[in-house]
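Worksheet: the structure to be examined is printed underneath.
Numbered from 1 within each chain, the chains take letters A, B, ... in sequence-line order.
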Number of protein chains: 2
Amino acid sequence: MLAKSSTELVRQKNSALVLSALRRHGPLAHTELSDFTKLSSATVSVITADLERAQIIEKAEQQAASGRGRPRVLFSQRRDCGYLIVVVISSDAVQYSLVDYTGRLMDRFTEERQQSVAGVDRFVAGLRDALNRIAARSQLPRDKVLMISISSKGLVDASEPVLRWSPIFGRDEIDFAAVLRDEWSAQIILGNETLLVAAALGRQEDIRTRGNFRAMAALSLGHSIGLGIVRRDHEGNHQISAPNFGHMMHVPGGGLCRCGARGCIEAYAGFYAILRTAFDVPLDTIPAKFVPIAELDKIAVSARQGGRRNVLAFRQAGLALGTGLSRVLSLHERMPIVITGPGVRYYDLLIEGMTEGLAESHVVRMEGMPELRVIVDEPTLVFEGHLNRALSIIDNHIVRRGAAVMELRDRAS
Amino acid sequence: MLAKSSTELVRQKNSALVLSALRRHGPLAHTELSDFTKLSSATVSVITADLERAQIIEKAEQQAASGRGRPRVLFSQRRDCGYLIVVVISSDAVQYSLVDYTGRLMDRFTEERQQSVAGVDRFVAGLRDALNRIAARSQLPRDKVLMISISSKGLVDASEPVLRWSPIFGRDEIDFAAVLRDEWSAQIILGNETLLVAAALGRQEDIRTRGNFRAMAALSLGHSIGLGIVRRDHEGNHQISAPNFGHMMHVPGGGLCRCGARGCIEAYAGFYAILRTAFDVPLDTIPAKFVPIAELDKIAVSARQGGRRNVLAFRQAGLALGTGLSRVLSLHERMPIVITGPGVRYYDLLIEGMTEGLAESHVVRMEGMPELRVIVDEPTLVFEGHLNRALSIIDNHIVRRGAAVMELRDRAS
DNA sequence: GATTTTTTTCTCGACAGTCGAGAAATTTAG
DNA sequence: CTAAATTTCTCGACTGTCGAGAAAAAAATC
């Protein structure tokens with residue numbers, strides 16, 4: 001309750017409403033826009049005229065008349081209104097994608113990252129390089145790139161695009177804004193990978209349940225463990241957050257984690273932890289930097305054939321996840337949990353422990369087991385999350401900029 | 001992003017702004033209102049005129065002119081605009097307070113609750129009775145009571161005034177709206193006690209830091225353990241939530257808790273749990289319903305003199321709290337923690353364990369120890385929280401109703 | 001005591017935004 | 001070729017905010 005309201009703000013909000021309808025449902029006619037936004041036809045006229053003048057949207061050449069009556073003219077977003085570069089940093093590679101304003105993929109390549117050289121400086125140099133390359137290949141003027149959206153596993157600052165801690169670079173922070181400021185005028189945003197998964201799921205669920213969506217958690221299983229939570233606030237906006245779940249305390253004084261602390265959930269449920277338990281290595285052994293998935297597959301095969309030690313390894317991982325999730329539910333509310341990431345292939349081995357870990361807690365006893373869903377294709381969700389988040393931020397900027405433009409025009413006259 | 005915006009909404013928001021300025025800073029003159037709200041003088045005129053016509057605010061008889069120039073006329077809230085009944089349910093008593101629209105206490109009494117008869121029906125009958133009594137004593141017409149704000153320890157539904165679980169009534173739910181609907185037209189709201197503490201602290205902190213406030217947690221120590229979290233969202237509103245902290249899993253398969261589950265934080269840090277450890281009673285003993293504080297004081301005295309078993313009891317409680325808090329911080333962000341409730345008198349004995357429990361976790365290693373503050377007077381905070389929450393909801397209703405009134409007027413003409 | 005200064009409140013006209021109603025446009029059906 | 005249907009556009013009414021300046025009222029000054 002700080003900011004006063006004004007008629008300009010009203011216009012901004014309603015313009016944003018129009019843009020988001022267009023983003024969600026593709027090209028729309030005047031009438032449809034009016035239906036979706038609940039704005040009157042007259043208002044839609046004014047807003048679309050404004051946006052058209054600002055070159056944000058355009059009238060599609062009118063399609064063959066489909067019914068009788070005056071044929072509808074469709075408004076659609078202008079592809080060339082601006083561009084977005086998506087950077088997905090994973091443990092073994094970095095993927096760069098160029099996307100236009102409508103969300104269409106225009107170019108993409110992947111740079112392998114050598115495990116050996118993990119220096120931040122090296123990485124940053126590679127990043128600058130690759131960004132320059134993707135921009136050059138597209139032959140777009142640089143200032144047409146409105147945003148660079150980056151994701152990584154690890155701990156991300158809440159307000160600035162700073163990577164505080166990551167499984168790859170440890171405590172060597174990276175301030176992406178500082179690093180890219182001199183070369184790019186684009187806005188830089190950074191998000192935890194699983195946060196973006198949650199963002200994508202939240203939108204899917206919102207469409208699926210037609211607005212009855214409340215909250216949802218995304219759990220990503222892999223070498224490290226990620227959690228993203230998406231909730232609808234009282235105004236209908238989606239609040240996404242990426243708790244530091246993988247490094248939440250599981251057992252005080254427990255197994256040594258990659259982060260240097262002891263007893264983190266990841267130190268029980270991460271790939272390296274499962275390996276450690278399976279081979280009965282002492283819990284204070286320094287974790288492996290990288291575990292080929294084939295190694296884990298072998299353990300899984302053995303576990304599925306009843307290998308005791310290996311069954312136990314997955315069970316313990318499941319327990320750590322289940323107990324951790326029960327704690328999450330205690331601190332929030334009951335919500336469905338979507339499980340994704342490379343680790344879902346062991347879901348059959350993990351589920352028993354997870355269920356047990358969940359079942360014991362007061363929340364679950366009270367409100368029942370949360371719904372658990374499995375989604376295999378994580379990379380797609382991550383990319384979708386990038387688009388959702390970045391493009392809707394761009395839309396918001398545009399409507400704000402619109403106001404600024406009007407102001408300039410007024411001052412000129 | 002569902003609702004469209006309109007000029008009426010602008011008026012509502014700005015009216016709310018005026019009311020909240022008046023609530024925060026007491027009677028204000030036209031100019032001051034304009035300063036606080038950043039609204040133009042003209043707008044303030046229109047809004048105050050409206051509110052005055054609707055009998056929400058009034059011009060105070062002008063005070064002795066203090067400087068030169070036209071003397072300022074102060075606007076103040078009208079006391080008789082509406083009333084609020086606050087019901088604070090604690091383990092041994094229920095306190096009823098009647099408050100006017102400005103937040104001034106008008107009447108208050110306390111009903112002892114016998115420990116023996118804890119039937120929900122009995123309790124509800126007593127509640128209806130007491131509410132009738134406080135209304136009768138004030139001689140106010142019933143429809144002037146706009147809201148009944150109830151608080152209890154335990155688990156409260158997020159959207160409806162339903163007590164899902166409480167240390168007093170266990171799983172016997174109470175739907176306060178259903179119970180009071182036939183006798184009261186007032187809106188019924190229910191909040192967890194520590195949630196209200198957090199609400200009060202949030203407002204205090206917001207004023208203290210002049211808007212730089214981000215987030216804060218309130219931890220209430222007593223027979224049971226409560227946690228409230230208050231955060232400022234991107235729009236500056238305070239989001240308060242009451243996680244089920246006391247019954248978050250501390251140790252799987254651990255000590256038996258009053259809730260029936262095993263290993264809850266409360267089963268280690270609640271008064272009964274401290275007693276249990278101190279007397280070396282098996283952890284699966286059914287917890288005492290009530291522990292006189294004198295009992296705990298004795299243990300504390302002995303602990304302060306070095307009694308090993310008793311030191312351990314408090315240390316274990318502290319550890320449970322510390323580990324639990326570290327988990328909360330993992331799932332949210334770093335925030336100051338205010339400790340309150342009857343248990344703070346043992347803070348000296350708890351702090352060591354708490355610090356240790358906190359220190360081990362990844363978040364604390366990364367971001368440092370959170371600030372811990374102690375506030376002794378919990379009941380005042382609870383009452384303040386009631387007022388903050390209830391009165392600001394009332395203000396919001398009023399500005400909405402204002403619009404409805406205009407509509408009626410229009411339809412009549 | 002009359003005039004000026006200062007401070008506060010009120011009022012007026014301009015402007016931005018939304019809305020409902022109906023006009024205009026444009027196609028199909030008959 | 002006319003009528004019906006459907007979509008888009010335009011106009012006037014209304015609400016809300018704002019800046020500027022008028023009006024009010026007391027203190028300071030002559």
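Remark on DNA chain D: of its neighbouring residues B/S41 and B/V10, the 5'-side contact belongs to B/V10, judged by nearest-heavy-atom nucleotide. Between A/V46 and B/V46, the residue whose closest nucleotide on DNA chain D is further toward the 5' end is A/V46.
Looking at heavy atoms from C-beta onward, A/R231 lies in side-chain contact with A/E333 at the 4.5 angstrom threshold. Residues A/L381 and A/Q204 are in side-chain contact: their nearest non-hydrogen atoms beyond the backbone lie under 4.5 Å apart.
Picking from C/dG17, C/dC12, D/dT8 the nucleotide with the shortest atom distance to the side chain of B/A42 gives C/dC12. In this structure, of C/dG17, D/dA26, D/dT17, it is D/dA26 that holds the atom nearest to the side chain of B/P71. Here D/dT8 is the nucleotide among C/dC19, D/dT8, D/dT17 with the atom lying nearest to any side-chain atom of A/A29. When each of D/dT8, D/dG16, C/dG17 is scored by its nearest atom to the side-chain atoms of B/R11, the top-ranked nucleotide is D/dG16. Candidate nucleotides D/dT8, C/dC19, D/dG19 were compared by shortest atom distance to the side chain of B/S40, and D/dG19 ranks first.
Aromatic ring pairs are classed by plane angle as parallel below 30°, tilted from 30° to 60° and perpendicular above 60°; the pair B/F36 and B/H25 is parallel.
There is no side-chain donor-acceptor pair under 3.5 Å between B/T31 and B/S34.
Applying the 4.0 Å criterion to OP1 and OP2 of C/dT9, one finds that B/S45 has every side-chain N and O outside that range. An OP1 or OP2 oxygen of D/dC18 is reached within less than 4.0 angstrom by a side-chain nitrogen or oxygen of B/T43. OP1 or OP2 of D/dG16 has not a single side-chain nitrogen or oxygen of B/N14 nearer than 4.0 Å.
Residue contacts for A/T31: at a heavy-atom cut-off of 4.0 Å it reaches the sugar-phosphate backbone alone, with no base atom in range.
For the pair B/L51 CG and D/dG16 P, the computed distance is 12 Å after rounding to whole Å.
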